[in-house]
Amino acid sequence: MSRWHELTGGTSGREYAARFAAVARSGADVHGEARFCAALVPVGARVLDAGCGTGRVMIRLAELGYDCVGVDLDASMLAVAREQAPHLPWFQADLTGFEPRRLGVAADFDLVVAAGNLFPLLAAGTEAAVLGRLAAALRPGGLLVAGFGLDRAHLPVPPSITLPEYDDCCAAAGLTLVDRFATWDADPYHGGGYAVSVHRR
């Protein structure tokens, strides 16, 4: 069982979407992740949203002209995504065993984005397996972008993976660190409780 499921029981889709809708109504920017990704790959590129949740990031990327696929294990989150964008491809799948071709999807993504604290919320000990699956879904030269909290102030659960551990798992999956930032606005990373990492296959 993932730490996310332990935390939410797999029933938090509408609550999660409502929280971000309220943030958007306040005038705050809720599209930092999509903007960050759009700066990395050209319009029309194939993007996998791993742990897509309610689809906030992927829907925005699709609006910008990207060819997107969303995958998540939480049915309550996917239900919201499908309601908001029924024309987009949403799949329920466990990332530890993710194989795009089994879903009828080509495994040659230009970019994989893992936002929303995906890695700290995985089941303990599955991080390397998930990174191996995501790396395999990338074309040679493709990018993996992941943003997640590193301390209790930036996470809804106690921290579970450090940046050195994450980088080691990436290296084992054939991924090389390209750059690291403190935010989705690409602020330089000088340590701290949140990091956005870009790795290349």
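Starting from 1, each residue takes its place in the sequence as its number.
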Contact between [X] and [Y] at the side-chain level, heavy atoms closer than 4.5 Å - yes or no?
X: T183; Y: F36; answer: no
X: D49; Y: L61; answer: no
X: L122; Y: V130; answer: yes
X: L73; Y: L95; answer: no
X: R200; Y: L175; answer: no
X: L150; Y: P159; answer: no
X: V41; Y: Y66; answer: yes

Exercise. For L78, which fellow cluster members are found when Ile, Leu, Val, Met, Phe, Trp and Tyr are connected by side-chain heavy-atom distances below 4.5 angstrom, either directly or through intermediates?
Worked result: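 Grouped by the 4.5 Å side-chain rule, M58, I59, L88, W90 form the rest of the cluster around L78.
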For this session: Take T8 and D74, measure what side-chain contact (heavy atoms from CB on, under 4.5 Å) needs, and give me the verdict at the end.
Result: CA-CA 10 Å; T8 67; D74 188 323; 4.1 Å; yes
Exercise. When hydrophobic residues are tied together by side-chain contacts of less than 4.5 Å, even through go-betweens, does V196 share a cluster with V178?
Worked result: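 Yes; tracing contacts between hydrophobic side chains, which count when under 4.5 Å, links both residues.
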Exercise. V105 and V57: same hydrophobic cluster, using ILVMFWY side-chain contacts below 4.5 Å?
Worked result: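 No; tracing contacts between hydrophobic side chains, which count when under 4.5 Å, never links both residues.
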Problem set entry | Positive for side-chain contact (heavy atoms from CB on, under 4.5 Å) with F109, one of L134, L144, V69, V47 |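 Of the listed residues L134, L144, V69, V47, the side-chain contact (heavy atoms from CB on, under 4.5 Å) partner of F109 is V69.
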Exercise. Can you tell which of L143, L138, D167, V112 makes a side-chain contact (heavy atoms from CB on, under 4.5 Å) with H199?
Worked result: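 One option only clears the test, and that one is D167.
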If every non-hydrogen atom of [X] is compared with every non-hydrogen atom of [Y], which pair is closest and at what distance?
X: L111; Y: C37; answer: CD2-SG, 4.0 Å
X: P156; Y: L121; answer: CG-CD2, 4.2 Å
X: D151; Y: H154; answer: OD1-ND1, 2.6 Å
X: G70; Y: C52; answer: C-SG, 3.7 Å
X: P89; Y: C68; answer: CG-O, 3.1 Å
X: A135; Y: A173; answer: CB-O, 3.5 Å

Exercise. Is it the case that R180 and S197 place a side-chain donor and acceptor less than 3.5 Å from each other?
Worked result: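 Their side chains do contain a donor-acceptor pair, which is all the 3.5 Å distance test asks for.
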Problem set entry | Whether T162 side chain and E165 backbone form a donor-acceptor pair below 3.5 Å |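 Yes.
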Exercise. Would a distance-only check, ignoring hydrogens and angles, find a side-chain to backbone donor-acceptor pair under 3.5 Å from N117 to G149?
Worked result: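 Yes, N117 side chain to G149 backbone: donor-acceptor pair under 3.5 Å.
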For this session: Answer yes if the ring centres of F148 and Y194 are under 6.0 angstrom apart, and no otherwise.
Result: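 No, the ring centres sit 6.0 Å or more apart.
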Exercise. Would you call R46-D67 a salt bridge at under 4.0 Å N-O?
Worked result: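 A salt bridge is present here (some side-chain N lies under 4.0 Å from a carboxylate O).
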For this session: Taking only Lys NZ, Arg NE, NH1 and NH2, and the carboxylate oxygens of Asp or Glu, determine whether R56 and E33 approach each other closer than 4.0 Å.
Result: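 Salt bridge present between R56 and E33.
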Can you tell me how far [atom2] of [Y] sits from [atom1] of [X], rounded to the nearest 0.5 angstrom?
X: D187; Y: F181; atom1: CG; atom2: CZ; answer: 9.5 Å
X: E127; Y: L118; atom1: CD; atom2: CG; answer: 9.5 Å
X: Q92; Y: D72; atom1: CD; atom2: CG; answer: 8.0 Å
X: R201; Y: R139; atom1: CZ; atom2: CZ; answer: 10.0 Å
X: T96; Y: L131; atom1: OG1; atom2: CG; answer: 12.0 Å
X: I161; Y: L163; atom1: CD1; atom2: CG; answer: 8.5 Å

